[in-house]
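Please read the structure below before turning to the comments.
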Amino acid sequence: QVQLVESGGGLVQAGGSLRLSCAASGRTFSRYAMGWFRQAPGKEREFVASISGSGGYRNYEDSVKGRFSISRDNAKNTVYLQMNSAKPEDTAVYYCAAGRTGWRVYDYDYWGQGTQVTVSS
């Protein structure tokens, strides 16, 4: 079992930056690929970024490439999502997830409760 707790969400102006964190419980954190997803009101949950267990492989959804950066610190059991050049369309609840490397919701077995990110124009 892996428990995930996100933090760092909030209100940011367009063009601003925000860093999300996701702390994981358990001793096997490095075995899991980690992903960030987001869900806006009335929309399906969508992939944002993922990182392999070692941190050597990263993947991004096209609309966030060059603006967002995913990283992890296995010593701290934490994964991060650095959001730069934020846009109003980035507004959503952001979820971290643990599972195997992939971009689909069903690639991940464990989910956090989500943190709200609001980007004002």
Side-chain angles (χ1 to χ4, degrees):
Q1 286 284 344
V2 177
Q3 293 185 328
L4 304 171
V5 179
E6 301 97 336
S7 62
L11 176 65
V12 62
Q13 289 188 335
S17 297
L18 207 60
R19 189 174 83 154
L20 307 183
S21 300
C22 174
S25 65
R27 303 178 183 177
T28 59
F29 178 70
S30 63
R31 294 183 183 179
Y32 292 96
M34 298 297 295
W36 284 98
F37 288 74
R38 64 187 179 187
Q39 189 166 17
K43 294 188 177 181
E44 293 186 351
R45 194 168 297 190
E46 66 174 7
F47 172 77
V48 176
S50 65
I51 187 168
S52 61
S54 66
Y57 177 77
R58 307 178 192 195
N59 190 30
Y60 297 94
E61 193 272 329
D62 285 347
S63 69
V64 307
K65 284 181 180 177
R67 299 189 300 120
F68 291 10
S69 178
I70 189 171
S71 62
R72 66 189 296 160
D73 185 337
N74 286 344
K76 295 183 178 179
N77 279 16
T78 302
V79 63
Y80 305 96
L81 184 69
Q82 178 67 43
M83 304 170 59
N84 298 328
S85 302
K87 301 177 179 180
E89 52 263 43
D90 295 324
T91 295
V93 177
Y94 282 70
Y95 298 89
C96 73
R100 61 180 185 273
T101 301
W103 57 270
R104 295 160 295 197
V105 170
Y106 62 76
D107 288 324
Y108 296 86
D109 301 309
Y110 303 101
W111 293 82
Q113 82 290 348
T115 186
Q116 176 71 47
V117 172
T118 302
V119 183
S120 63
S121 57

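Small disclaimer: the values here were computed from a predicted structure and weren't measured. Heads up: numbering here begins at 1 and tracks the sequence.
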* Would you say the side-chain atoms of Gln39 pair up with the backbone N or O of Ala92, donor to acceptor, closer than 3.5 Å? -> no
* Asked: So which residues get pulled into Val5's cluster when ILVMFWY side chains under 4.5 Å apart are joined, directly or through others?
  -> none
* **Residue pairs, two or more places apart or on separate chains, that pass disulfide (SG to SG under 2.5 Å) and touch residues 17-76** => Cys22-Cys96
* Structure fact -> Contacts satisfying salt bridge (charged side-chain N to carboxylate O under 4.0 Å, His left out) that involve residues 109-121 (not counting sequence neighbours) are none
* Asked: Could you state the interatomic distance from OG (Ser50) to CD (Glu61), rounded to the nearest 0.5 Å?
  -> 11.5 Å
* For the residue pair Gly99 and Tyr108, what are the closest heavy atoms and their distance? -> N-CD2, 3.5 Å
* **Set of residues satisfying salt bridge (Lys or Arg N to Asp or Glu O under 4.0 Å) with respect to Asp107, sequence neighbours excluded** => Arg100, Arg104
* Asked: With sequence neighbours left out, what residues match Lys65 under salt bridge (Lys or Arg N to Asp or Glu O under 4.0 Å)?
  -> Asp62
* Side chain Asn77, main chain Gly26, donor-acceptor under 3.5 Å -> yes
* To do: Using the salt bridge (charged side-chain N to carboxylate O under 4.0 Å, His left out) rule, collect all pairs that involve residues 43-52, keeping only residues at least two apart or in two chains.
  => Arg38-Glu46
* To do: Taking all non-hydrogen atoms of both residues into account, name the closest pair between Phe37 and Trp111 and its distance.
  => CD1-CH2, 3.6 Å
* Could you note down all residue pairs passing salt bridge (charged side-chain N to carboxylate O under 4.0 Å, His left out) where residues 68-86 supplies at least one of them, sequence neighbours left out? => none
* Who else is in Val2's hydrophobic cluster (ILVMFWY, side-chain heavy atoms under 4.5 Å, direct or via others)? -> Leu4, Val12, Leu18, Leu20, Phe29, Tyr32, Met34, Trp36, Val48, Ile51, Tyr60, Val64, Phe68, Ile70, Val79, Leu81, Met83, Tyr94, Tyr110, Val117, Val119
* Residue pairs, two or more places apart or on separate chains, that pass side-chain hydrogen bond (donor to acceptor under 3.5 Å, both in side chains) and touch residues 8-22 -> Ser17-Asn84
* Spacing of OG belonging to Ser63 relative to CG belonging to Asp90, to within rounding of 0.5 Å -> 6.5 Å
* Starting at OG1 of Thr91, measure out to CD of Gln116 and round the result to the nearest 0.5 Å. => 7.5 Å
* Taking only residues at least two apart or on different chains, which pairs with a member in residues 39-77 satisfy disulfide (SG to SG under 2.5 Å)? -> none
* Structure fact -> side-chain hydrogen bond (donor to acceptor under 3.5 Å, both in side chains) filter on Arg58, not counting sequence neighbours, yields none
* Does the Thr101 side chain pair with the main chain of Ser52, one donor and one acceptor, at a distance under 3.5 Å? -> no
* Mind checking what makes salt bridge (Lys or Arg N to Asp or Glu O under 4.0 Å) contact with Arg31, not counting sequence neighbours? -> none
